[in-house]
Amino acid sequence: MIVEILQQMLNGLAIGSVYTLIALGLTVVFGILGIAHFAHGSVAMSGGYLTFVFTERLGMSFFPAMAMAMLAGAVVGLLIERLAYRPVRDAPHINAFIIALGLTMMIEGINLLVFGADQVVIQTPYRGVFDVGGIAVAELRLQVIMTTVVLIGVIAYLISRTKTGKSIRAVAQNRPAAVLMGVNVNQVSAVVFSVSSALGAAAGALVGALLAIAPGVGEGLAVKGFAVLILGGLGSIPGAIVGGLVLGVSESLAAGFISSAYKDVIAFLVMIFVLLFRPEGLLGKRS
Amino acid sequence: MLRRKLGMLVAASLLGATLCINAQAADKELVIGINDALTGPGAVYGLPQANAVQMGADEINASGGIKAGGDTYKLRVISNDDKANPTEATNSARKLIDRDGVKYLLGFCCSGSTSAVASFIERENVVMLVGNAAERAITAKGIPNLFRTRPPADFTGSAAGVFVAKRGVKTIAVIGSLDVSFYTQYLEAFEREFAKSGGKILAKETFGLKDRDMTPQLTKVRALNPEALLVLGYVEPSAFVYRQAIELGMKMPRYGFTSGSEEQFLRVASSEQMEGVWDLRPTELTVEALNANAKTYVANYTKKFGAPPSPSSPYAYDQLYVLKQAIERAGSADDPKKVIAEIRKLGVPREAVMKYLPVGGMMFDVNGQAYTSNGAFQWQKGKWVYVADLPSDPAAYSQFLLSLRK
Amino acid sequence: MRPSLQSFGIAGLVVAALCLPWVVTVPYFLQLIILALIWVVLAQGQNLIQGFTGYVSIAQAGFMGVGAYCSTLLTVKLGWSVWLTLGIAPLFTAFFAVLVGYPSLRVKGHYFAIVTLAYNMVIYIILFTYAALTGGEAGISSVPRPADISIGGVVLSFSGRIGYYYLVLAAAGLATLICALILHSRVGRILVAIRQNETLTEAIGVSAWRYKLFAFVVSASLAGLAGALYAHFIGFLNPDPFGVDQSLNAILAVILGGSGTLMGPVVGAFAVVFLPEYLRVAETYRLVMYGLILVVATIFMPRGLVPLAAQLGQRLVAAFRKTNG
């Protein structure tokens, strides 16, 4: 019984890491720029597809391919910010959301055009399975978790120790004041979107290696990402980290012990429940 | 005088000959429609079917077309993508019938979209030939202008239950797309036969068509220690189940009802991870189990489309040859009712790729259903190998299907 | 008193609509028009919550599914009359929407949209998985048409397309009428005020939450009606049409046509149903095009096609009047 619970938890940590990465990308954009960037899931997918192309067609190994995809993601993020979101920055919020929906369709459509409709699975050399006291630890899942830890570390460093990070925090706390202090909001916007999309691309690559990338997967990831945001607190980075892992593990445990048929519903029920009783999230601040 | 009469005779003969030649060269065009999932989750089944029909049409045209009652028909194929979606399928079928004047609809890989079309097809003067869609209800309603080449899932399920029991398995855990009713029907029939030999099903876990992470379900099943696993689902998610079972250290035999080509499985799992997996399904396209037609079919398809055909694609290919033979016997392609009457009396066409079990000497039974033999296939060193026949009784099943009509 | 251009326009439209089945030559066309009219009902509902009130709901397709299954199950499993269930379905969906709306409307803007998205996904998953009730993916076949009505010896049949066309035409008209009445009433003015500045509206003592719930519930019941009409038209029902993609289409329809106008949803509904048919050649580009249209439209013409066309129309009329002294 203990073995089963621990196994489920371990499985859940791997998928939870992916949720965390997606949620991180969403939370920086939402917390700092106030935009519900729904297209993030599709951008993640693009990152995954690109990683696949780099590994299959160019023969690169997994992590270099992922790094390249992250770079491409950063560029995409810059473009999206400049061309799609900046024009509606001062318009009613609803416009930004509609733009997000439109971008989702566009990016899904582009993915469909360029990469086709078939599901894509990234082959990795990590096929080992270790037996730890009855629990099967798949090498691939360990790699996913460790990659996420590394990326979180990098982001944390970026935000807390660099000058750009300081500007970002300033805008997050008080945008008018930040502007008065000479912070270049445009630059901050651009950096935030690049970082967010790069993280998304990494998440996509990991999903592609662990599971599969196909049309429609991005949407589901984006929704789960927002569920994590609501669980952890919109705009809270620690909230995204904890929330993602909690969601992944809960899904696994619920599917294992309650019902596998309604597994995906867990995320949504959690979201609805949290909104009803603690809308600021587990780690958010009451406004 | 004689010369003039001779001249007129020659002229008349020449004229007559020209007229005869022209009459024989009266090439008509027969438009047939494919309603199938060319994109989306059903495309793994639908696209190869559409390709197979196109290939068959090209073959028929190249060998002179369909000759019926003095006319020669050249085939033209219109392919519509229904994305395995019921609304799309209804719309595209309507378009074929209303706008393109098509009288013969082929393809139909997926049950949801096929059922939608089946629900109105009785009112139309057309013939609907169903392929890979496995939902039993499609032929259980006695729709007079609908025929299916693929046997319902539960026909295979009972044969599979007998087989697994004979292999000495006493406890089995099931993991499948159990909210899709043809998999549930397969399971019900399987369970009936399996229980007769004292076998017990320890668990029935579900996964969705789009799910790719089945580790929670597999972990749960692993704790129950079953002697074997039964996997029921579309190729793509099932491949993940097979892979993740190995990743969780599960070593018991894996039986399945998934029907996919080697290439489709290898995109997800490695050959080592698939080693030993069984597929208990209709004896679809496997070159060893079938006849020379199968070898030719595989070779031609691979050459034409650059990838091997899917195991279920011949259901559509055979539909085309059924149609051809029925039209030839009916003497014309203009009256669907005459063609239907001929289809009912047809034996198995000699070009058919699948191995059909005739009922009462005819390919289609009173429900419009054809039956293929069922086989046990096993993944050995990167290839599906035909191991044994699964004993099946089409006549008994045909009566059962008839009894379901309310 | 000169009748205005607008009333001429409306009268002309009504006449054209009534004569349509006799003018259309290809029966397939009528199929599409019927679907488009069903979409009008859906889009008017979407417009009420999105265009008037300013809250983007991504649950419209989910509510359509609720209404569709409600009506279908009552007729197929219990044998009730379709006419009755066509009336019950919107009411049931409204009730359901109250349950859904209560927690969702406590949050604003972005939260709201995401929560409605979650609801749509939950509805979809339940419709799919609870197969004992809904038939799951295999669906429910032989969904009946409404029974014939005889009025003084004349039998009106709805089993053919022409009869059903008039039925959905009436429904679309009704939906538009309901939205018109709301728009021109006090409730409508408050909804628009909420869209423009919710904080201010609350500050002057209006309980915004009640009005938002009202809009949400009416919008959902229109979706329920559309769903029931859809199910009885196609004759086969399964969860496929009620996923998130359809909700996104409803949003697109409203934006394209014109948020917050009455004719906007009509134009948008027809666009959403007909464009895929004509862009079928470029099917693969369709998603990109839709997305691009949404983005471009929101940046450059956030008020949609109908207001744009109206503006153009006004300019033309003004120019015409000038040249004619």
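First the proteins, then the strands, lettered A, B, ... as listed; each starts at 1. Excluded from the calculations below are hydrogen atoms, water molecules and symmetry mates; all remaining heavy atoms, backbone and side chain alike, are included. On a predicted model such as this, the values are computed, not experimentally measured, just so you know.
Looking at C/I58, only its side chain comes within 4.5 Å of chain A, counting heavy atoms on both sides. Contacts of C/L248 with chain A are made by both backbone and side-chain atoms, with heavy-atom separations under 4.5 Å. Heavy atoms closer than 4.5 Å to chain A are found in both the backbone and the side chain of C/Q50. With a 4.5 Å cut-off on non-hydrogen atoms, C/L292 touches chain A through its backbone and its side chain both. Heavy atoms closer than 4.5 Å to chain C are found nowhere in A/I107, neither backbone nor side chain.
Qualifying side-chain contact (heavy atoms from CB on, under 4.5 Å) partners for C/L200, counting only residues two or more places apart in sequence or in other chains: C/N197.
Note on A/V265, A/L269, A/T104: by heavy-atom pairs under 4.5 Å with chain C, the leading option is A/V265. In terms of non-hydrogen atom pairs under 4.5 Å with chain A, the most contact-rich of C/L252, C/V296, C/V295 is C/V295.
Using a 4.5 Å heavy-atom cutoff, the side chains of C/I299 and A/V88 are in contact. Put simply, the side chain of A/F38 reaches to within 4.5 Å of the side chain of C/L117, judged on heavy atoms.
In this structure, CZ in A/F97 is found 10.5 Å from CZ in C/F112, a value given to the nearest 0.5 Å. The CD1 atom of A/I98 sits 6.0 Å away from atom OG1 of C/T298, with the distance rounded to the nearest 0.5 Å. From A/M105, atom CE reaches atom CG of C/N249 across 5.5 Å, with rounding to the nearest 0.5 Å.
The contact list for residues 119-131 of chain C toward chain A, using heavy atoms and a distance under 4.5 Å, reads C/Y119, C/M121, C/V122, C/I125, C/I126, C/T129, C/Y130 by residue number.
When all heavy atoms are compared, the tightest approach of C/V288 to A/M106 is O-CG, 3.5 Å.
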